[in-house]
Amino acid sequence: MSSNPVAETVASLMPRARAELTELVAFKSVADFEQFPRSESEAAAHWVADALTAEGFQDVALLDTPDGTQSVYGYLPGPAGAKTVLLYAHYDVQPPLDEAGWTTPPFELTERDGRWYGRGAADCKGGVIMHLLALRALKANGGVPVHVKFIAEGSEEQGTGGLERYAEEHPALLEADTVVIGDAGNFRVGLPTVTATLRGMTMMRIQVDTLAGNLHSGQFGGAAPDALAALIRVLDSLRGKDGTTTIDGLTPDASWDGLQYDEEQFRADAKVLDGVELIGDGTVADRIWARPAVTVLGIDCPPVVGATPSVQASARALVSLRVPPGIDAAEATKLLQAHLETHTPWGARVRTEQIGQGQPFRADTTSPAYAAMAEAMAVAYPGQEMQYAGQGGSIPLCNTLAGLYPHAEILLIGLSEPEAQIHAVNESVSPEELERLSVAEALFLRNYAAS
């Protein structure tokens, strides 16, 4: 990349990028204000706003979204008559989980073995830095050839839909010819990839009640219905013997016909323990990109330490269902709810509550923007051809933007390749990927402006 002026500029900016990412990662910007101070998220939002202002953005604003969080907006005008590109990232992050499991503190960016570790380094504070690097490189090499709208969301990880609702209430704000979502990732380090599909998601809380109160298991166990056992039964009904998701009425056998995911590589990426089998059938790509997948996210029940010999009167769980393109998330939600209620045993009382939902997404990869990105990635990743992959995760905003702006082209790129371990302990970003993708984005904006 060194023979390309844009690439040379990005390379020279990498020390600054690291310093800025260090500052941004230091904010504990988890948008769950029962666990983390609101002030941390607000400080991160102000950091992004200040960075946009410093780059010459106009109309920089902290948008108070309906879920009680803030998204950061700015507009950078380009040449008269130029196309408009919306750049998206989010500054909120997942909780660090078990901080003791981190080799280095989660909110301190730390270099180790050639990677930068810290919560949000890849997902998606690194995406904010990627966009800034691309714009700075263009400004240093002839200018930014398009109008740029920049939006940094403050609650993407919580799935509470604040930015989606705000965009629906202010439809002109984010309108653009093309949207670059910087919240996906390459299939592996060094292989340039755009994400062509996203699974949608629904989340449901289930509560099972069987007794007026807990009972002594010696006196009543064996006849008194155990709510925790009933919950375990209904949760087990969501999967077949091989682990395939088996929700009544939901088709579990679709296939993926694009880039394939080698099973041994997946085992290594997922850090599956030796001797433990993968679940489901079909190819790995079928299972993670083309089919529904249910996950029990949590169960409320007595912890082992301090547990008493009691028959439990109540138990509840949080269940997530990932929904592939071709299945309506609202219909999948109804099927999940009906399944949970139908399979609850022993006449136990069951209550279900939907707490989040997002539709799946499929991009139009035949559009001019994709051709411009393919050309850019070929330069940023010499000798590599851009690949199309799916992603099992959900970005509900994609569907909102597609609905509001049906003629807009939407591309998904980003830093969350498998080694990044996003949402897990020891999340990290590859600085080489940050550099190459920043070059690719800058060249894409130039190519797209000329298309």
Side-chain angles (χ1 to χ4, degrees), residues 48 52 57 59 63 65 71-78 82-91 123-124 127-128 130-132 134-135 138 144-154 156 161-185 193-198 200 325 358-374 376-377 386 388-391 393-416 437-438 440-449 451:
V48 177
L52 296 183
F57 277 77
D59 305 323
L63 310 178
T65 57
S71 292
V72 186
Y73 171 82
Y75 174 69
L76 184 67
K83 298 173 183 177
T84 299
V85 177
L86 174 66
L87 302 180
Y88 167 91
H90 62 86
Y91 68 83
D123 184 25
C124 180
V128 173
M130 177 183 73
H131 292 325
L132 292 174
L135 295 174
L138 287 173
V144 180
V146 295
H147 304 296
V148 175
K149 294 181 178 181
F150 194 114
I151 190 73
E153 187 174 1
E156 192 275 340
L163 182 56
E164 294 133 69
R165 303 292 82 76
Y166 192 95
E168 291 167 349
E169 294 166 4
H170 305 82
L173 184 71
L174 303 183
E175 186 172 9
D177 298 297
T178 282
V179 180
V180 178
I181 303 286
D183 192 24
T193 311
V194 289
T195 297
T197 67
L198 296 168
Q359 291 288 355
F361 171 79
R362 186 187 302 275
D364 176 11
T365 59
T366 64
S367 65
Y370 277 82
M373 183 62 80
M377 284 188 163
M386 185 177 79
Y388 300 88
Q391 182 171 297
S394 304
I395 307 176
L397 181 66
C398 286
N399 289 90
T400 299
L401 297 179
L404 289 173
Y405 321 120
H407 300 297
E409 304 173 65
I410 300 178
L411 299 95
L412 294 101
I413 62 173
L415 301 163
S416 298
L437 283 169
S438 299
E441 182 170 289
L443 296 178
F444 159 75
L445 293 174
R446 184 179 285 177
N447 295 343
Y448 182 64
S451 65

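The first residue in the sequence is number 1, and the count goes up from there. Quick note: numbers below take in every heavy atom, side chains included, and nothing from hydrogens, waters or symmetry partners. Computed from a prediction, not measured in an experiment: that's the story for all the values here.
- Using a 4.5 Å cut-off on side-chain heavy atoms (C-beta onward), L437 and M377 make contact.
- Considering every non-hydrogen atom in both G127 and A89, the closest pair reads C-CB, 3.9 Å.
- The closest side-chain heavy-atom distance from V128 to F150 is below 4.5 Å.
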- Query: Would L163 and I151 satisfy side chain to side chain contact (heavy atoms under 4.5 Å, CB included), going step by step from the backbone distance to the final call?
  - Reply: CA-CA 9 Å; L163 182 56; I151 190 73; 3.8 Å; yes
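- Nearest heavy-atom pair across L404 and P171 is CD2-CB, 4.3 Å.
- The line from NE2 of H170 to CG of L63 is 8.0 Å long, rounded to the nearest 0.5 Å.
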- Task: Test side chain to side chain contact (heavy atoms under 4.5 Å, CB included) on K149 and T84 and set out the steps.
- Result: CA-CA 7 Å; K149 294 181 178 181; T84 299; 4.1 Å; yes
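- Side-chain contact annotation: H90 with D123, donor-acceptor N/O pair under 3.5 Å present.
- Summarising the geometry of A134 relative to E441, their closest heavy-atom pair is CB-OE2, 3.6 Å, with the distance given to 0.1 Å.
- Contact of the V179 side chain with the L174 side chain is not registered, since no non-hydrogen atoms from C-beta on lie closer than 4.5 Å.
- Among all heavy-atom pairs drawn from A82 and H147, the shortest one is O-CD2, 3.1 Å.
- Distance check: Y166 OH to L397 CG gives 14.0 Å after rounding to the nearest 0.5 Å.
- Here the side chains of I181 and I395 are in contact, with some heavy-atom distance below 4.5 Å.
- Scanning all heavy atoms of the two residues, the minimum distance from A369 to L411 falls at CB-CD1, 3.6 Å.
- For the atom pair CG (L445) and CE (M373), the distance works out to 7.5 Å, reported to the nearest 0.5 Å.
- Side-chain atoms of T178 and Y448 include a donor-acceptor pair closer than 3.5 Å.
- For the pair Y405/L86, no side-chain contact is recorded, criterion being any heavy-atom separation below 4.5 Å from C-beta on.
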- Message: Before you tell me yes or no, could you show the steps for F444 and I413 under side chain to side chain contact (heavy atoms under 4.5 Å, CB included), namely the whole-Å CA-CA distance, both residues' side-chain angles and the distance that decides it to 0.1 Å?
- Response: CA-CA 12 Å; F444 159 75; I413 62 173; over 6 Å; no
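- Under the 4.5 Å side-chain criterion, counting only non-hydrogen atoms from C-beta, E156 is in contact with Y88.
- Nearest heavy-atom pair, R446 versus P145, reported as atom, atom and distance to 0.1 Å: CA-CG, 3.8 Å.
- Residues V148 and H131 are not in side-chain contact: their nearest non-hydrogen atoms beyond the backbone lie 4.5 Å or more apart.
- Rounded to the nearest 0.5 angstrom, C398 SG and I410 CD1 are separated by 5.5 Å.
- Of the possible donor and acceptor atoms, none in the side chain of Q391 sits under 3.5 Å from a partner among the backbone N and O of T195.
- Atom CG of residue L412 and atom OG1 of residue T193 lie 12.0 Å apart, to the nearest 0.5 angstrom.
- Considering CD of E164 and CD of E153, their distance stands at 6.0 Å, rounded to 0.5 Å.
- Using a 4.5 Å cut-off on side-chain heavy atoms (C-beta onward), F57 and L135 make contact.
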